[in-house]
Amino acid sequence: MQEDILAGLNPAQREAVTTVKGPVLVLAGPGSGKTRVLAHRVAYLLRVVGAPPRAVMAVTFTNKAAGEMKERVGRLLGESVPVSTGWKGLTIGTFHSICARILRAEAGPAGLNPNYVIYDDGEQLMAIKQALRDLKLDEKLYRPEAMRSAISKAKNELVKPEQFQAGTYFEEVARRVYVRYTEIMSANGALDFDDLLTRTTWLLQEQPEVLHRYQDRYEFLLVDEFQDTNTAQFELVRLLAGKTHNLFAVGDEDQSIYAFRGADYRNVMRFREDFPDSKVILLEHNYRSTQTILDAANAIIAKNRHRTPKKLRTDRGQGLQVTVHEAYDEADEAAFVVKAIQRLVSTREASLGDCAVMYRTNAQSRSLEDALVARGVPYRLVGGTRFYQRREIKDALAYLRLVHNPADNISLMRVINVPARSIGDKTVAALAAWSAEQGVSMVGGLALVAGDLTSPALSETETFAASATSPQRAAPPQHPFAAAAQRSLTAFYRMLAKWIAAKDGLTVAALLERITEESGYATWLRDGTEEGEDRWANLQELRSVAAHYDDFPPELRLTAFLEEVALVSDQDELAEESDRVTLLTIHTAKGLEFPVVFIVGLEENIFPHSRSMEDPDQMEEERRLMYVAITRAKDRLYLIHAFRRMIYGRTEVYEASRFLRDVKGLSGVSSATSSGARQSWGAEERGGGASGGDRWPRRDEEAAWTPSSHGTRRDTESRAPFGKTPRTAAGSTARGTPWSPGSIDRAKADPPPARGDRQPQFKPGDRVDHGLFGQGIVLKSELTTDDEEVTVTFAGKGTKTLLAGFAKLRKV
DNA sequence: ACAGGCCTGGTTTTT
DNA sequence: CCAGGCCTGT
């Protein structure tokens, strides 16, 4: 058994797995098998050490990582040990989900509503705006977003509202908002994401009895991505491990890229200070990339001052060259990427799914999408609109949440007039004000308006107003509503009260269905449009998620469901099945790997980002980001920058990124810039031609090369609407020729056409058939070094430029 | 209630 | 340039 678990591990990994007692810090380079080590260690603890499953806690940052770990542990153990996040078995989960569970179980000691709801950023912002209104502060002057970030920062540092030290006027405002916000959240029975961590940590800090219970239970702690912990998380882990010190932390300072949300890679150092007897294990062997790629990564990260020196090694050999390419502008950059991908695919050196294009900011995806769509290359864009952020989903969840926790005013306000029930803004505002006066939640207020003095909403409400406990009422108090408003409010209340009464007897799916039907939401949503049907389909998807909870005990299923949807993002179930090019930011690429990686936008002020230029610490983070990006690549790496780029509607010349300078001198890195190509085979080589995006102007032509000189681009094209499936070229519309006719002669950046001895397969006027676009007519065809580039106009699908070796074009 | 015009601000993101 | 918020007018 032990052999099984240790088989295939290298000596360092093996040591990490088997060093069971005491604090262990594993510094794990990218691709060094850290997930493997974590899973094997859990299996080892259970199987060889004989630890009971309930004594083991493994903490990750993302659901995806937690899921992977569960799966791998399950595989190692042959599924014989119950792997669950439940109380009985192993605890494997994210910081947030584990904390949510602890707070649910310890609602009493933690002073929380056991039915608390979790607010996401949007709902949090609503609560902050409420706080600003209560404090009569101007939203324009004190941006809610700024307040949110100040409050979040305080919480990450475990600073309570009453401990908040304001050193500036702004901070004083933030302090007051923080205080008021906390009151509002408590009245609503709501916690934000930061609260989950800080409240748990405060609970353990302040209640020794609770702390000891958890310390006694969890003999073995494992923490992934330790460099991403913030102060609250670090403290939480420290507390939990306080008794046994059997704390196993895996991290890599060099991959810390989340400082902006409170992560502090120095926690890795602090680990060694706080646990001086800790054993440090380095995992430097990389199983992912070629040596050339690792050399580039090492060259980047070696310039950071604050790090434990490490050097990645592989036994994969040098591998292929790393390509540095200079493009003319963002369109040329995108065209270069797409062509390179098509070339690799046509030669079967890679599949579309092997290829990833990474960029610093989301806005950069646009030109890439344009190029992919234009050339009919399927792709997926990671990080688009998320399922749980969609309006219909948020509405449905707000209904469910309100039924679960009627104190939740934010959810009430979201749904009270959706669909329209003649309860306008003024009525809602009056209800909010009057309910607060009465010391009840808004649902409590509705109960009073409806004359229902026995409503549970009147007794369960935590209040922040004068009356701390709700007095027994003999008669409903006078309310400010006119007869019509009263009628609407009462009708809404009766409906809601019925759902609340029925909730325990129904499955979540049934409750959801009942709510969407009786509220009129379903009818309202399905307005006959295609969009309405899409949204309805999304609701059905939510319902099928809810159905997973049918078998839970009745009193738990709604709680469990709401918790899951609050803490899970569909990023986690990021489908990898289809063969498409992946577009994603470097941040979202962390933890992933691809055989072929393109890093685009390698220009000063783009990457490294302009906001990081002044601050050496932020510049180090940019460097780590570049390091993460490079180390995603297994076999092929392309580093691309553009000579000029349009940002915020302004086109400017950008200097190549310093990161390129760091990498360029290395052996195995080839700088095949377009300008070099131009010099070697001459600017006069070819005349115009309509397939834009891949040519350079001559120097003397630069002045004329203004946006207006190359016609309109994509200004009429709106982005394809998001759907449940990633976009493909199939639904795209074509655009016109991007370059204005008759403009000056240009050189091609592409390799020169193959010499004489080849004949094009296609010529202008040929009728062809394409699997995706149907029939079309060839406009022109040109040979390139290794393929033939055919421009075809398709009926109703516009004009596409395709590679004959890649697209399945057939003459008809 | 909603369309349309004006203004503003625009890293990175999980939970 | 362009998305999202806010205001105004129907």
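Chain letters run A, B, ... following the sequence lines, proteins first and then strands; every chain starts at 1.
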Margin query: Using a strict threshold of under 4.0 Å (side-chain N to carboxylate O), is an ion pair present between A/E603 and A/R645?
Written below: yes
Margin query: For A/Y654 together with A/F643, are the ring centres under 6.0 Å from each other?
Written below: no
Checklist line | A/T427: partners by side chain to side chain donor-acceptor pair (under 3.5 Å), with sequence neighbours left out | finding: none
Notebook entry, point to check: A/R421 or A/A566: which one's nearest nucleotide on DNA chain B is closer to the 5' end?
Noted result: A/R421
Next item on the list: Would you kindly give the OH-to-C1' distance between A/Y648 and B/dT8, to the nearest whole Å?
Entry: 12 Å
Notebook entry, point to check: Base, sugar-phosphate, or nothing: which does A/S612 touch, judged by heavy atoms less than 4.0 Å apart?
Noted result: base
Next item on the list: Ignoring the backbone of A/L567, work out which of C/dC6, B/dT15, B/dT12 is nearest its side chain.
Entry: B/dT15
Margin query: Could you measure the distance from the CG atom of A/L602 to the CZ atom of A/R360? Nearest 0.5 Å is fine.
Written below: 11.5 Å
Item checked: Touch class at under 4.0 angstrom, heavy-atom based, for A/D120 against every strand present -> nothing
Next item on the list: Describe the nucleic acid contact of A/Q618 in one word from base, sugar-phosphate, nothing, applying a heavy-atom distance below 4.0 Å.
Entry: base
Note to self: In this structure, how many angstroms lie between the P atom of B/dT15 and the CG atom of A/L196, rounded?
What the structure shows: 13 Å
Note to self: Let's see if you can work this out: which of B/dT14, C/dC1, B/dA1 has an atom nearest to the side-chain heavy atoms of A/T62?
What the structure shows: B/dT14
Check: Roughly, in whole Å, what's the span from CG in A/D121 to P in B/dT12?
Finding: 14 Å
Check: Closest to the A/H609 side chain: B/dT13, B/dA1, B/dT11?
Finding: B/dT11
Check: What residues form a salt bridge (charged side-chain N to carboxylate O under 4.0 Å, His left out) with A/E620, not counting sequence neighbours?
Finding: none
Notebook entry, point to check: NA contact type, A/N605, heavy-atom cut-off 4.0 Å: base, sugar-phosphate, or nothing?
Noted result: nothing
Item checked: Nearest-nucleotide comparison on DNA chain B, the residue closer to the 5′ end among A/E622 and A/D425 -> A/D425
Note to self: Of the listed nucleotides (B/dT14, C/dC2, B/dT11), which one gets closest to any side-chain atom of A/R366?
What the structure shows: C/dC2
Item checked: Base of B/dT12 and ring of A/F260 stacked, centres under 5.5 Å, planes under 30° -> yes
Next item on the list: Please state how far atom CZ in A/R611 lies from atom C1' in B/dG10, giving the value in whole angstrom units.
Entry: 8 Å
Next item on the list: May I ask you to verify if any side-chain N or O of A/N63 is less than 4.0 angstrom from the OP1 or OP2 atom of B/dT15?
Entry: yes
Checklist line | Sugar-phosphate only, base, or nothing, as touched by A/Y258 at under 4.0 Å among non-hydrogen atoms | finding: sugar-phosphate
Notebook entry, point to check: Hey, are A/R401 and A/E123 close enough for a salt bridge, meaning a charged N less than 4.0 Å from a carboxylate O?
Noted result: yes
Note to self: It should be established whether A/N362 places a side-chain nitrogen or oxygen under 4.0 Å from OP1 or OP2 of nucleotide B/dT12.
What the structure shows: yes
Item checked: Distance, rounded to the nearest Å, where A/L584 contributes CG and B/dT13 contributes C1' -> 13 Å
Checklist line | Rounded distance in Å - CZ (A/R143) to P (C/dG5) | finding: 13 Å
Notebook entry, point to check: Would you say B/dT11 has OP1 or OP2 under 4.0 Å from some side-chain N or O of A/R360?
Noted result: no
Next item on the list: Please determine if a side-chain N or O atom of A/T585 lies less than 4.0 Å away from the OP1 or OP2 oxygen of B/dT13.
Entry: yes
Next item on the list: Figure out the CD1/C1' separation between A/I257 and B/dT14, and round it to whole Å.
Entry: 11 Å
Notebook entry, point to check: Expressed in angstrom and rounded to an integer, what is the separation of A/Q124 atom CD from B/dT13 atom P?
Noted result: 18 Å
